[in-house]
J.: 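Have a look at this one.
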Amino acid sequence: MRLLFVVQRYGPEVFGGAEVFSREFATRMAGRGHAVDVVTSCAVSYVDWANVYEPGTSELDGVTVHRLPVDRPRDNELFNALNVRVNAGLRPTPLHLQRAWMDLQGPHVAELPSWLEEHAGEYDAAVFFTYLYWSTWAGLAAAGRRVPTVLHPTAHDEPPLYLAIYDLMFRLPDALGYLTPEEATLVGDRFRLRRPSVTTGVGIDLASEGSESRFRQRFGLGDAPYLLYIGRLDPHKGTEELFAFFEAYKARRPGSLKLVFMGEPIRPIEQHEDVVVTGFVDEQTKHDGLAGCLALMMPSYFESFSIVLLEAWVHRKPAIVQGRCDVLDGQVRRSGGGLPYRSFGEFEESVDLLLHDEGLAADLGRSGRRHAEEHYDWDIVLGRYERFLESVAQ
């Protein structure tokens, strides 16, 4: 097949769930012998959409990448004010304000619709990743006139999903790709759609290894047990609540337990003698950290799929997750690989259980590993995805 992936940012310097998922699928489908192109922006950061990459066509890991310039960086002062008005203001929100919000949301790539009008017909299918941004909102209509289209919404239960501006957009694609059953249910309930669909999940490298001793030495952890968070240090990811819960836990349960935050700090974490902030680290350091942790912490209320849960299970580590996020709750319950919490009391009890019951922690970790092997080996995921795209193309 000749496939076109459309995504707002693309490249090894780009970090974000939908963007990483799109790159994994594009690269691996190319590795299976398909001709894969990507059309994207020149931006690296979703905060300002500033052009960083050079416009034009290049090759990355067997994928042909077409980069188009963003017209203008985002005016965050104006966008943030309008974002509050549109997503938290009086209802119903006037459609003209929603359109202004979408325009500022970006990335506004004026060349994208005409590029798709001209080139989309050269492919067997066009695959769009994530519903939220202008590139999908404007691109689906342009591509759909030329080629069968697939939308991976990577949706979670958040205010923008309920804006009327998406009512038509979600009816444009010929098929939908989901990461979890919870996402499929959410989108189905919200839009009342009947479309061919597949729940793919994301594959994982089952052979990843890490060095616990190297990680402990590098970050001065000694032999203390530690909980590990991996991701952006961002209030929207629940990191501030996680810090507050851990601080309260330590006040009630003094001891050697530590909490390690691993990731890019969008908002700095307060200082605490038992909290370690590593900043952004490379892949190997991430796996070193997973190899030695007591448990992976996932405090986010808004997820469409958690790849780091799979990464923890590859290392046979249990997870403690935000139970009010249906996706995380579903992932740990289906796998038997972790414990969900919905309050500080449940958080405290979950940490106590894993800290003092090594057998339980080991059982949960083994269950997670078994689940990853049975459902998220890349050959299984890609075989399912390939058959789905072939049916869409036909």
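These values consider heavy atoms only, across backbone and side chains, with no hydrogens, waters or symmetry-generated copies.
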J.: Can the ring centroids of H152 and F305 be said to lie less than 6.0 angstrom from one another?
T.: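 So the answer is no for these two rings.
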J.: Report the C-alpha distance between V314 and D205 in whole Å, list the side-chain angles of each, state the deciding distance to 0.1 Å, and finish with yes or no for side chain to side chain contact (heavy atoms under 4.5 Å, CB included).
T.: CA-CA 8 Å; V314 166; D205 181 4; over 6 Å; no
J.: What's the spacing between L132 CG and T154 OG1 if we round to 0.5 Å?
T.: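 It comes to 8.0 Å.
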J.: Apply side chain to side chain contact (heavy atoms under 4.5 Å, CB included) to L112 and S135, showing your working.
T.: CA-CA 7 Å; L112 179 63; S135 49; 3.8 Å; yes
J.: How far apart are the C-alpha atoms of F129 and F21, what are their side-chain angles, what is the distance that settles it, and do they pass the ring-ring contact (aromatic ring centres under 6.0 Å, His included) test?
T.: CA-CA 8 Å; F129 267 84; F21 297 157; 7.6 Å; no
J.: Decide if atom CD of Q271 counts as having more than 12 heavy atoms of other residues, nucleotides or ligands within a radius under 6.0 Å.
T.: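 No.
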J.: Do Y376 and H371 have their ring centres less than 6.0 Å from each other?
T.: yes
J.: Counting distance only, does the side-chain N/O of H34 pair as donor-acceptor with the main-chain N or O of M1 below 3.5 Å?
T.: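 Yes; judged by distance alone, with no hydrogens or angles, the pair exists.
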J.: Is there a donor-acceptor contact under 3.5 Å from the side chain of E111 to the main chain of L68?
T.: no
J.: Are M298 and I269 in one and the same hydrophobic cluster, where Ile, Leu, Val, Met, Phe, Trp and Tyr link if side-chain heavy atoms are under 4.5 Å apart?
T.: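 No, it is not one cluster - the side chains of M298 and I269 are not joined through contacts under 4.5 Å.
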J.: Does the pair L186 and L161 meet the rule for a side chain to side chain contact (heavy atoms under 4.5 Å, CB included), with working shown?
T.: CA-CA 10 Å; L186 173 66; L161 187 66; 3.8 Å; yes
J.: Ion pair present between R190 and D157, side-chain N to carboxylate O less than 4.0 angstrom?
T.: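 Here R190 does not pair with D157 in a salt bridge, since their nearest N and O are not under 4.0 Å apart.
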J.: Is the side chain of S197 donor-acceptor paired with the backbone N or O of L176 at a distance under 3.5 Å, no angle test?
T.: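 Not at all, since once roles are kept as given, no pair shorter than 3.5 Å links the two residues.
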J.: Look at E54 together with R67 and state whether they make a salt bridge at an N to O cut-off of under 4.0 Å.
T.: no
J.: Does T27 use its side chain to pair, donor to acceptor, with the backbone of E24 at less than 3.5 Å?
T.: no
J.: Should we count NE2 of H236 as having more than 12 external heavy atoms under 6.0 Å?
T.: no
J.: Look only at the side chain of Y53 and the backbone of G56, and say whether a donor-acceptor pair between them is shorter than 3.5 Å.
T.: no
J.: Under 6.0 Å from the CD atom of E358, do we count more than 12 heavy atoms belonging to anything else shown?
T.: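 No, because the 6.0 Å sphere around CD of E358 holds 12 heavy atoms or fewer from other groups.
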J.: Is any side-chain heavy atom of Y178 closer than 4.5 Å to a side-chain heavy atom of S304?
T.: no
J.: Verify, without hydrogens or angle tests, whether D37 (side chain) and L4 (backbone) share a donor-acceptor contact under 3.5 angstrom.
T.: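 No, D37 side chain to L4 backbone: no donor-acceptor pair under 3.5 Å.
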J.: According to a hydrophobic-cluster definition based on side-chain heavy atoms being under 4.5 Å apart (Ile, Leu, Val, Met, Phe, Trp, Tyr only), do L389 and V147 belong together?
T.: no
J.: To the closest 0.5 Å, what do you measure between CH2 (W101) and CG (N83)?
T.: 6.5 Å
J.: Do H108 and D103 make a side-chain contact, defined as non-hydrogen atoms from C-beta onward lying under 4.5 Å apart?
T.: yes
J.: Verify the cluster assignment for V86 and M169: are they in a single hydrophobic cluster under the rule of side-chain heavy atoms below 4.5 Å apart?
T.: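 Yes, one cluster joins them.
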J.: Among side-chain atoms of E303 and S300, is any donor-acceptor pair under 3.5 angstrom?
T.: yes
J.: Would F25 and F5 count as a close aromatic pair, with their ring centres under 6.0 Å?
T.: no
J.: Examine the side chains of T285 and D282 and answer whether a donor and an acceptor come within less than 3.5 Å of each other.
T.: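 Per modelled atom types, T285 and D282 side chains form a pair under 3.5 Å.
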J.: Should F344 and I320 be regarded as members of a common hydrophobic cluster, given that ILVMFWY residues are connected when their side-chain heavy atoms come within less than 4.5 Å of each other, either directly or indirectly?
T.: yes
J.: Is R369 reaching over with its side chain to a backbone N or O of L206, donor-acceptor style, under 3.5 angstrom?
T.: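 Between the backbone of L206 and the side chain of R369 there is a qualifying donor-acceptor contact (under 3.5 Å).
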J.: D357 side chain to L353 main-chain N or O, any donor-acceptor pair under 3.5 Å?
T.: no
J.: Ring centroids only, cut at 6.0 angstrom: are Y226 and F215 within range, meaning strictly under it?
T.: yes
J.: Using side-chain contact (heavy atoms from CB on, under 4.5 Å) as the criterion, point out the one residue from H66, E19, R23 that pairs with Y10.
T.: R23
J.: Determine the minimum heavy-atom distance between L382 and M29, stating which atoms define it.
T.: CD2-SD, 4.0 Å
J.: Determine, step by step, whether V260 and F219 satisfy the side chain to side chain contact (heavy atoms under 4.5 Å, CB included) criterion, reporting the C-alpha distance in whole Å, the side-chain angles of both residues, the deciding distance to 0.1 Å, and the verdict.
T.: CA-CA 9 Å; V260 177; F219 295 104; over 6 Å; no
J.: Can E283 and K286 be counted as an ion pair, charged N to O under 4.0 angstrom?
T.: yes
J.: So, do F79 and W49 have ring centers that fall under 6.0 Å from each other?
T.: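 No, the ring of F79 stays outside the 6.0 Å limit from the ring of W49, centre to centre.
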J.: Which heavy atom of G11 sits nearest a heavy atom of L60, and at what distance?
T.: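 Closest approach of G11 to L60: CA-CD2, 4.2 Å.
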J.: Measure across A224 and R216 and return the closest heavy-atom pair with its distance rounded to 0.1 Å.
T.: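 Closest pair (atom of A224, atom of R216, distance): O-NH1, 2.7 Å.
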J.: Are L257 and P225 packed together at the side-chain level, in the sense that at least one heavy-atom pair is separated by less than 4.5 angstrom?
T.: yes
J.: What pair of heavy atoms forms the shortest contact from L233 to P265, and how long is it?
T.: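 In this case the closest contact between L233 and P265 is CB-CA, 3.7 Å.
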J.: Do R384 side-chain atoms and T200 backbone N/O form a donor-acceptor pair below 3.5 Å?
T.: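 Confirmed, R384 side chain pairs with T200 backbone.
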J.: Give me the atom names and distance for the closest heavy-atom approach of G201 to V381.
T.: O-CG1, 4.1 Å
J.: Could you label the plane-to-plane angle of the H315 and H287 rings as parallel, tilted or perpendicular, counting under 30° as parallel and over 60° as perpendicular?
T.: tilted
J.: Do P153 and F170 come close enough that some side-chain heavy atom pair is under 4.5 Å?
T.: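 Side-chain contact under 4.5 Å: yes.
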J.: Are M262 and M297 connected in a single hydrophobic cluster, I mean Ile/Leu/Val/Met/Phe/Trp/Tyr linked by side-chain heavy atoms less than 4.5 Å apart?
T.: no
J.: Identify the heavy atoms of C293 and L228 that sit nearest to each other, and give their distance.
T.: CB-CB, 3.9 Å
J.: Considering only NZ, NE, NH1 and NH2 on the basic side and carboxylate oxygens on the acidic side, decide whether E348 and R253 come within less than 4.0 Å.
T.: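 Looking at E348 and R253, the cut-off is met.
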J.: Ignoring hydrogens and geometry beyond distance, is a side-chain donor-acceptor pair present between R91 and T93 at under 3.5 Å?
T.: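 Result is yes, a qualifying pair exists.
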J.: Could D167 and R192 be called an ion pair, given the rule that one side-chain N must be under 4.0 Å from one carboxylate O?
T.: no
J.: Thinking salt bridges, do K258 and D274 make one under a 4.0 Å N-O criterion?
T.: yes
J.: Donor-acceptor pair, Q284 side chain versus E209 backbone, under 3.5 Å?
T.: yes
